[in-house]
Structure formats: C-alpha cells, structure tokens
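Structure record follows, encoded as structure tokens.
As a basis for the values below, the full set of heavy atoms in this structure was taken, side chains included, without hydrogen atoms, waters or symmetry mates. Protein chains get the first letters and strands the later ones, always in sequence-line order, with residue 1 at the start of each.
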Number of protein chains: 2
Amino acid sequence: MTLEDVARLANVSTITVSRALNHPDKVAKSTLERVTRAIEQTGYVPNMLAGGLASRRSRLIAALVPAMTNAVYAETIHYFSEALKTSGYQVMLGECGYTEESEHEIVTTVLSRRPDGILLTGVKHTLECRRQLMAARIPVVETWDLTTTPLDVAVGFSHERLGESVIDHFVDKGFTKFASLCASDRRARLREAVMKARLTRRGIAGLTFAAVPAPTDLRRGREGMRQLIEQGVNGAIVICSSDTLAHGAMIEAQAQGLSIPKDFAVFGFGDQSFAAETFPALSTVRIDRPEMGRRAAEALLRRIDGELLDDPVVDVGFEIIERETA
Amino acid sequence: MTLEDVARLANVSTITVSRALNHPDKVAKSTLERVTRAIEQTGYVPNMLAGGLASRRSRLIAALVPAMTNAVYAETIHYFSEALKTSGYQVMLGECGYTEESEHEIVTTVLSRRPDGILLTGVKHTLECRRQLMAARIPVVETWDLTTTPLDVAVGFSHERLGESVIDHFVDKGFTKFASLCASDRRARLREAVMKARLTRRGIAGLTFAAVPAPTDLRRGREGMRQLIEQGVNGAIVICSSDTLAHGAMIEAQAQGLSIPKDFAVFGFGDQSFAAETFPALSTVRIDRPEMGRRAAEALLRRIDGELLDDPVVDVGFEIIERETA
DNA sequence: GCGCTGTATGTTAGCGCTAACATAATTCGG
DNA sequence: CCGAATTATGTTAGCGCTAACATACAGCGC
C-alpha cells in the first residue's frame with residue numbers, strides 16, 4: 001500500500017494525499033474527506049523512510065542514556081518522550097553505557113538513522129564524538145549536567161553546587177562524621193570529590209569511602225554499607241550516590257540489627273518515587289526528572305525549529321528533602 | 001556526505017562503496033582498502049533511511065512494552081537488544097501502556113518506520129491491531145505470555161500454570177490463609193483468578209484481595225498491605241503480583257511493627273535483582289528475563305530470515321524461589 | 001587460440017515520498 | 001465582467017541508496 005494506491009482510489013494526485021496527511025489545512029474539505037476515506041479503506045500506513053528521505057526530516061529523535069534499566073534515566077526519557085509526542089516525533093532509545101567510548105559507538109549508529117535531534121546524558125564525550133555531532137549539524141541536548149561549553153544546549157544541574165550544598169547542610173546541622181557510598185559513575189564521582197573538598201574547607205578531617213561499580217542496585221548498597229561498617233564509622237552520615245544505594249545501605253544496617261538514623265544517618269540522591277516509602281523514609285536530594293525531561297524536549301524542539309535560544313544552558317536545580325534518615 | 005562523495009574519492013562507482021559496506025567479501029581487497037580509507041577521510045555516515053527504502057530492509061526492530069520505567073520490561077528489552085546487536089539490528093522502544101487500545105495506536109506509528117520485526121508484550125491485542133500486523137507481513141514475537149494462537153511466534157510462560165503451581169506449593173506446605181495483592185494488569189489479574197480457582201479446588205475457602213493500580217511501586221505495595229492488614233488477615237501469606245509490591249508490603253508490615261514471616265508471609269513475582277537483597281530475603285517466582293529476551297531475539301531473527309519455526313511457541317517456564325519471607 | 005567459468009565492477013532503474021515550481025479554479029473589488 | 005489575488009491541485013525532479021541485470025577481465029583446460 002503506497003500513497004499512489006490511496007491517490008488512485010481518492011481520484012487525486014499523490015501530492016494531494018501527502019498534503020492531506022501533513023498539511024491538512026492546505027487541502028479543500030471535500031477532498032480531505034475523500035482522501036481520509038480512501039486511507040481508511042486501504043489501511044494505508046505511511047512510509048516514513050521514504051518521507052524522511054524526501055523531506056530530510058525523519059521525525060525521529062534519538063535519546064542516549066547509560067542504561068535503560070536505571071529507573072532514573074528511564075523516567076527522564078519517559079517524560080521527554082511524552083513531551084515530544086504531541087509534536088509528532090518518535091524517540092529512539094539507545095544505551096550508551098558508562099564510558100565515553102561506547103557512547104561514541106552508539107552515536108555513529110544512531111546518526112545513520114538521520115534523527116532530527118539527539119539527547120545525550122552527561123556533557124563529557126570523546127573529541128571524535130563531538131566532531132561527528134557537529135558535522136551532522138543536528139540539534140543536541142545534553143542532560144543531567146551543566147557546562148559552559150555545551151555542544152548545543154544543556155539541561156541539568158550543577159553537581160558541584162549540589163555537593164557543596166549537601167555538605168554545608170549537614171555540617172550546619174552539626175554532623176561531624178561523614179561517609180560516602182559512591183558508584184563508579186563519572187557524575188557521582190564528581191559530586192564525591194566536591195564533597196570531600198568542601199568538608200576540608202569546613203574544617204572536617206575525613207571522609208570514609210566505599211566504592212561500588214555502576215549500575216547501582218540494592219546489593220551494591222548492602223555491599224558498600226558492609227564496607228563502611230567494617231571501617232567502623234558508626235554514627236556517621238552515609239551519603240549515597242543514588243537512592244537505590246541508600247536503600248540498600250538501610251537494609252544492610254537493619255539486617256545487622258542497627259537502627260537508622262540512630263546508629264547511622266543515611267542520605268540518598270535523586271528522590272526516586274520509592275524514597276518517601278522506605279522505612280524510615282529516606283532523606284535525599286530531589287532532582288526534578290519530569291521537569292528535566294520536559295525542558296530538554298522543549299529546548300530541543302525549539303532548536304529543531306531553527307530557533308536560537310538566548311540561554312543554551314538550563315539549570316533545573318535540586319532540592320534537599322529532609323525525611324527521617326538524616 | 002553521501003556514497004557518491006566516497007565513491008569519487010575512492011575512484012569507484014557508488015555501488016562498489018555500497019558493497020564494501022554491506023557485503024565486503026564481494027569486493028577485492030585492494031578496492032576495499034581504498035574505500036575504507038575514503039570513508040574515514042570523509043567521515044561518511046550511511047543514510048539508513050535511503051538504504052532501508054531501497055532494500056526494503058530497515059534493520060530496525062520495534063519493541064513495545066507497557067512502560068519502560070518498569071524494570072522488569074526494561075530488563076527484558078535490554079537483553080533482547082543485546083542479542084540483536086551483533087546482527088546489525090537496532091531496537092526502537094515504544095511504550096504501549098496497559099491497554100490494548102493504546103497498544104494499537106503505537107503499533108500504527110511504529111509500522112510507519114517499516115521495522116523488520118516487532119516485539120510485543122502480551123498476547124492480547126485489538127482485532128484491528130492484529131489485522132494491521134498481519135497486513136504488514138512482518139515477523140512478530142509476543143512475549144511474557146503464551147497462547148495457542150500466536151500472531152507469529154510467542155516466547156513466554158503460562159500464567160495459568162504459574163498460578164496453580166504457586167497455590168499448590170503453599171497449600172502443600174500447610175498454609176491455609178491466603179491474600180492477594182494484585183496490580184490492575186491483565187496478566188497479573190489472570191494469575192490471581194487462576195489462584196483463586198485453585199484454592200477452591202484445594203478446599204480452601206477464601207482469598208482476601210487488595211487491588212492497586214498499575215504500574216507498581218513501593219507506595220502501592222504499602223497501600224495494598226494496609227488494606228490487607230485492615231481486613232485482618234494476620235498470619236496469611238500475601239501473594240503479590242510483583243516483587244516491588246511485595247517489597248512495599250514488607251516495608252509496611254515492618255513500619256507497623258509486624259514481623260515477617262511471623263505475622264505475615266510474603267511472596268513476590270519476577271525475582272528481580274533486589275529480591276535476594278531485601279531483609280528478610282524475598283521468596284518469589286523467578287522469570288528468566290535474560291533468557292526470555294534472548295529467545296525472543298533468536299526467534300525473531302529466524303523469522304526475519306524467512307525460516308519457519310517448527311515450534312512457534314517457546315515456554316521459558318518459571319521457578320519458585322524459596323527465601324525467607326514465605 | 002577458443003569457449004568456459006568465476007570474480008570484480010559498473011549501469012540502470014527504481015524504492016515511496018515531498019519540495020518547488022506550475023497550473024487551474026475560485027473569489028472579489030471596481 | 002475584467003484582471004489580480006487567492007486558493008486548490010498537479011507535474012517534475014530528486015532525496016541516497018540498492019537489486020538486478022550487464023559487462024569486463026583473468027585464469028584455465030584443451
């Protein structure tokens with residue numbers, strides 16, 4: 001079934017059918033009706049490979065996240081797709097792993113589909129990857145971080161400011177013993193480094209570390225917490241690089257008969273939906289993922305429409321949420 | 001940058017470049033080298049819209065799941081994509097929601113990209129959707145369920161047998177008080193119905209219900225558990241339609257000062273990675289999602305290659321995992 | 001040398017659609 | 001009722017690639 005079949009049935013030329021589908025306001029009402037009926041009768045489904053080739057608009061947007069099994073990214077993309085749906089774009093999801101090299105690999109494959117725009121996670125990419133994206137001349141939105149030199153636009157928050165705020169918050173509250181349970185993720189590591197520096201600045205000597213591989217899950221959280229308990233940091237506040245890690249840490253503490261927040265305070269990152277529902281409820285820092293997804297979609301759409309944004313860097317901020325664990 | 005640019009630089013015709021990329025064994029070694037160099041020099045990225053149009057193979061496979069934020073589906077698709085990667089297919093993920101109608105809508109959009117195959121979740125689709133898929137004449141793999149009448153091939157397990165096995169298992173172990181914490185998901189409901197029937201058959205009178213909306217999260221689990229506690233089913237085994245619900249139920253019980261499995265036994269579904277890491281460790285029924293993803297990929301690839309499978313229905317089974325909660 | 005095979009490359013004609021321009025039909029002021 | 005403006009439709013060419021069919025050329029036995 002092609003446009004031509006529909007056109008023949010409706011007794012018009014193919015371009016009229018094309019217009020009926022893409023610019024219905026440019027077709028007379030009676031014609032539009034005839035065409036619509038013909039489309040229904042034939043069960044015609046447009047071929048967007050052909051359409052994309054001819055118009056040089058694929059109506060496809062690629063979104064690359066480290067892992068789709070990571071709820072935090074899945075959610076961002078969910079809201080991102082949602083926001084794009086009304087404008088007729090489809091999202092093609094890709095997993096780019098936790099290294100720049102694997103990201104570049106995926107970018108190449110994805111570019112062969114000629115997306116009208118790309119969403120990337122993070123602002124660090126290989127030089128070659130940056131070059132390729134520039135050469136492709138398509139709008140790019142980088143998310144989950146900020147930079148003064150975005151490829152095109154960036155929508156995220158400052159991990160530096162976040163790390164400092166968290167430390168200031170807890171030092172001001174009188175905490176003196178700090179531990180970090182951190183996954184091997186570039187942005188998590190950055191926050192950790194900033195926190196360590198800030199602690200020193202605030203006159204607090206040490207930060208006890210527990211490192212676990214990304215991606216994070218309850219097991220890693222329990223593992224990390226075991227490490228910390230062995231290091232004897234009783235009474236410390238355990239700052240985790242994700243809510244999942246924090247939840248795992250809580251479970252491990254409970255399993256060892258420790259009480260939270262009495263024996264350990266625990267602090268998460270992300271404010272995932274489950275954070276408010278753990279027992280005790282997890283204190284964490286909220287990242288507004290729906291907002292980030294939506295703002296990324298909005299910025300990308302405007303860039304696709306050729307608009308030049310007066311501020312290519314959108315800071316969606318963060319918010320410290322005090323619940324019961326810290 | 002097009003094939004022609006590369007061809008000119010390598011001093012060959014465009015078709016030779018095309019062959020160098022798609023059938024390198026059909027090109028002389030010296031030519032292949034020249035072409036490869038030219039591709040590197042120009043930074044050429046193939047246009048798969050054009051390629052797909054010309055060859056009638058998009059090298060795209062669509063995968064539709066109810067929600068990508070649901071870890072269980074995200075994982076299935078992750079393994080599915082992984083298994084397809086080596087054969088040069090890209091996966092286009094779509095969210096089809098929890099109703100047949102929204103699924104049909106997405107199927108139509110997705111078909112316009114002319115995928116070489118489609119993965120669907122579940123075996124229930126609107127009549128119109130089935131028609132459209134048949135008309136498109138592309139291989140389809142239905143997952144997460146079985147049927148005697150697959151659209152094409154199905155890879156999953158029997159929810160009926162699962163429900164019966166679970167009941168038999170716990171009745172045999174001496175449980176007499178049963179409760180169901182079930183999300184409004186077609187397959188979850190099916191299992192629940194089967195379990196209820198089986199209980200009657202085994203001479204056990206009642207099954208106390210708590211229903212929560214899909215998708216499931218800790219909050220729903222806590223909510224449902226509150227319902228059950230109010231209904232006074234102390235001492236019952238709470239059979240949950242997902243591990244997440246089960247985890248939520250455990251948290252609620254603990255928050256109310258109840259002990260698991262003493263006051264309540266809890267049983268999950270899925271054996272997600274966190275199930276072994278809750279405290280106490282969650283008993284559940286394992287669904288081998290990596291296996292399901294891989295088998296789905298394998299079956300679909302064989303169908304794409306035109307093979308006729310002698311058994312179009314693949315049962316990946318399930319396994320009851322006894323841990324500490326039941 | 002002949003025809004035969006097999007390998008390496010090229011030519012031609014589309015895939016199904018839309019941009020850009022061309023033409024036809026309608027409206028409308030004067 | 002004319003010509004200009006406006007609206008509705010059609011014609012043509014081409015997007016970038018590949019299938020299918022040439023063609024060219026080397027190697028080989030006789």
Side-chain angles (χ1 to χ4, degrees), chain A residues 1-36 38-39 42-60 88 109 111-116 135-138 306, chain B residues 1-36 38-39 42-60 88 109 111-116 135-138 306:
Chain A
M1 275 302 151
T2 70
L3 265 196
E4 213 178 321
D5 299 307
V6 178
R8 203 170 10 240
L9 193 68
N11 220 339
V12 291
S13 70
T14 59
I15 190 73
T16 301
V17 180
S18 168
R19 276 200 275 257
L21 285 164
N22 301 316
H23 316 278
D25 52 307
K26 299 207 161 176
V27 172
K29 227 170 94 190
S30 59
T31 316
L32 189 57
E33 262 168 41
R34 258 186 11 257
V35 171
T36 311
I39 287 176
T42 51
Y44 170 74
V45 176
N47 183 332
M48 296 189 82
L49 297 179
L53 180 60
S55 68
R56 298 152 163 286
R57 304 192 59 197
S58 61
R59 303 212 148 270
L60 201 65
T109 350
L111 282 178
S112 70
R113 304 280 171 190
R114 296 296 187 267
D116 293 336
R137 312 194 138 279
I138 57 174
Chain B
M1 275 302 151
T2 70
L3 264 196
E4 213 179 320
D5 299 309
V6 178
R8 203 171 8 242
L9 193 67
N11 222 339
V12 292
S13 71
T14 58
I15 190 71
T16 301
V17 181
S18 169
R19 277 199 273 257
L21 285 164
N22 301 317
H23 316 278
D25 52 308
K26 299 206 161 177
V27 173
K29 226 170 97 192
S30 61
T31 316
L32 188 57
E33 261 168 42
R34 254 180 21 251
V35 171
T36 312
I39 288 175
T42 52
Y44 170 73
V45 176
N47 184 332
M48 296 190 81
L49 297 179
L53 180 60
S55 67
R56 297 151 165 286
R57 305 192 58 197
S58 61
R59 303 211 147 269
L60 202 65
T109 349
L111 282 178
S112 70
R113 303 281 171 188
R114 296 295 186 268
D116 293 337
R137 313 192 138 278
I138 56 174

In whole angstroms, how far is the C1' atom of D:dT9 from the CZ atom of A:R34?
11 Å
Contact summary for B:A20 and B:P24, nearest pair of heavy atoms:
O-CB, 3.6 Å
Any side chain to side chain donor-acceptor pair (under 3.5 Å) involving residues 20-36 of chain A? Give me the pairs, sequence neighbours left out, ordered by first then second residue.
none
Heavy-atom contacts under 4.0 Å between residues 7-19 of chain A and DNA chain D, which residues?
A:V12, A:S13, A:I15, A:T16, A:R19
Could you list the donor-acceptor pairs under 3.5 angstrom formed by side chains in residues 2-17 of chain B, with sequence neighbours left out?
| residue | atom | partner | partner atom | Å |
| --- | --- | --- | --- | --- |
| B:T2 | OG1 | B:E4 | N | 3.2 |
| B:T2 | OG1 | B:D5 | OD2 | 3.4 |
| B:D5 | OD1 | B:R8 | NH2 | 3.0 |
| B:D5 | OD2 | B:T2 | N | 2.8 |
| B:S13 | OG | B:T16 | OG1 | 3.3 |

Could you check A:S55 against B:K29 and say which one's nearest nucleotide on DNA chain C is further toward the 5' end?
B:K29
Between A:V27 and A:R19, the two heavy atoms sitting closest are CG2-CB, 3.7 Å
Spacing of A:D25 atom CG relative to D:dT9 atom P, expressed in whole Å:
12 Å
Over all heavy atoms of both residues, which pair between A:D116 and A:S58 is shortest? Give the atoms and the distance, please.
OD1-N, 3.1 Å
Side chain proximity check, B:L60 to A:R113, heavy atoms < 4.5 angstrom
yes
Please identify the 5'-most and 3'-most nucleotides of DNA chain C with any atom under 4.0 angstrom from a heavy atom of chain A.
C:dG16 to C:dA19
Which residues pass the side chain to side chain contact (heavy atoms under 4.5 Å, CB included) test with B:R114, sequence neighbours left out?
A:V45, A:N47, A:L49
Angle between terminal axes - the helix from C:dG1-D:dC30 to C:dG30-D:dC1, 5 pairs each end, rounded to 10°:
30°
